[in-house]
J.: 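I'd like to ask you about the structure that follows.
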Amino acid sequence: MLDFKDVVFQFPEEEKPIINHLDFHVNRGEFISIIGASGCGKSTIFRLINRLLEPENGEILVAGTRVAGKNPAASGKENFRKGTHGRAVGNAPVCGYMPQQDLLFPWRTVEENLCLPMELQGGISKEEQHRRAQKALEDVGLAGKGDKRPSELSGGMRQRAAFARTLLTGAGLLLLDEPFSALDYLTRIEMREWLLEQWEREQKTVLFITHDVEEAIFLSGRVLVAERTPITSLTSVEIPLGLPRSIEDLKKPEIQDMKEDLIGKLRNAVIDLPLRAEE
Amino acid sequence: MSSGNTNRANLPAAILVFAFLMFWQMAALGMDAAYILPSPIQVVQKLWDLRGPLFTAHLPATMQVVAIGLIISIVLGMALAILMDASPVAEKALYPLVIASQTIPTTALAPLFVLWFGYTIWSKVLVTVLITFFPITITVFDGFRSVRTEMKDLMFCMGADTRQMFFKLKIPAILPYFFSALKMAVPLSVIGAAIGEWLGAQSGLGYFSRRMMTQLDGAGVFAPILLLSIAAMLLAAVVSVIERRVITWRNE
């Protein structure tokens, strides 16, 4: 579903690349978490996939199609730099992106927010948009909330709405960038279980960024660890837990050991770059 | 907020205004020189006596200048803001000029406009535009700058093109700023029109006020000014009402 091939990226204001000759592969339908210390370049990986940044070298394939790289037609950075954000209308986005903050537009109702990706793609009738939005609201547990303003929803509900909007991009690959980090602890726990249900139902490939090791273990089939910056490789760790999972599973000794091991890996992570703020 | 609450909140201001008017009335009575300081009651009486020419000739003339000036200012201000948002080169070139334009003493230049355009409406409109477009340009441009990068990024990831980025993100995002700008611009446009008329006109409230001054009619100077203030307040109130209708969301 997703391939990084020899990808190199460097911020213009820095001396060294933050991502250097990185290769990794994600299978269709996997739930994968990427963990790493703050500022290690996790978010940069996402920004490369959704074309907000353009790699200097190598290529990134989503479902076998190159989304960025040396093909200028697919390069987002050129357009982005000029501020035109140019892109052919009617193109489905390569991936659904869910940022840390819900970024629901306050001037739109919840349902209108969900319709946004469909409006942008074009070619979907109003009735069909309404139908899909209502279905998505039901799926994420927000039935009847479509006419509310985002400000009338709780933090957890807003993240559910943002997730529904991400689903409605129609993309097979979902990039979730610490979506629960702004929520309170109890809501977080609840949202984790909820997210797993959503993933099982939707059959999407999910890439999930977090710095919470427990969250990564609970959610993922596989965890990719960024052990050093510049990121030259991601260490893949399989999580030996079946589905469905419960919070009790995290208490198993082998899972506890794994958690300690992963935390150890992160603490020993070598960040060989001046610290930069996570985007 | 209920109207009862609003009334109670405005009570201290109302008391202060009333006290000020009382003081003014006493002072005017004490001085007994209406050509220098007419009393508030005299001003209102004058307004009533002159209601014919003021409401049928001079108020419409001034409102025409205000309307034309405001429309031109909104179009010009928005156009400049959009241009500066779209192109960094335009921003670098225009922003300092827009700021610098405010250091020009417009009132001092106004006689020149009379020289150019004569006693036509355009000399007045030009004064109005010069002092009104500025807050619109700057405030709307601030609005564009306040659009969150994360939201632009999200729109980009969802496949938005330039047009969609503009109409579905930027325009709604700047609307609250646009209304703030309008609320500043409306009273300024009334001031601009009055200044323009004061300096050279054959009708309008500003012109009428000056004519009364040459006749040493103190109350006659104040009456059109009172009318101007009421007009500006009413216009600002209309903008607020429209704003409340349009901006139904809380800005975060």
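Letters go in sequence order (proteins before strands), and every chain restarts at 1.
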J.: Rounded to the nearest 0.5 Å, what separates atom CG in A:Asp102 from atom CD in B:Glu150?
T.: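 Those atoms lie 11.5 Å apart.
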J.: Which distance, rounded to the nearest 0.5 Å, do you find between the CG of A:Leu103 and the NZ of B:Lys152?
T.: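 Result: 13.0 Å between the selected atoms.
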J.: When rounded to the nearest 0.5 angstrom, what distance separates NZ in B:Lys168 from CH2 in A:Trp107?
T.: 12.0 Å
J.: Under 4.5 Å heavy-atom distance to chain B, tell me which part of A:Pro117 shows up: side chain, backbone, both or neither.
T.: both
J.: Can you name the nearest heavy-atom pair linking B:Trp249 to A:Pro106, along with the distance?
T.: CB-O, 3.0 Å
J.: With a 4.5 angstrom heavy-atom cut-off, could you sort out which part of B:Leu169 is near chain A: side chain, backbone, both or neither?
T.: both
J.: Count the heavy atoms belonging to other residues, nucleotides or ligands that lie under 6.0 Å from CZ of A:Arg28, then report whether that count exceeds 12.
T.: no
J.: For B:Gln164 and A:Leu120, which heavy atoms make the closest approach, and how far apart are they?
T.: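 The pair with the smallest heavy-atom distance is NE2-O, 3.0 Å.
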J.: Can you say whether A:Glu119 sits under 4.5 Å from chain B via the side chain, the backbone, both, or neither, judging by heavy atoms?
T.: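 Contact with chain B is through both the backbone and side chain of A:Glu119.
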J.: How close do A:Leu52 and B:Phe156 get, heavy atom to heavy atom, and via which atoms?
T.: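 Heavy atoms of A:Leu52 and B:Phe156 come nearest at CD2-CD2, 3.3 Å.
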J.: Which value, rounded to the nearest 0.5 Å, describes the distance between A:Arg165 atom CZ and B:Met158 atom CE?
T.: 5.5 Å
J.: Distance check, rounded to the nearest 0.5 Å: B:Leu154 atom CG versus A:Thr166 atom OG1?
T.: 7.5 Å
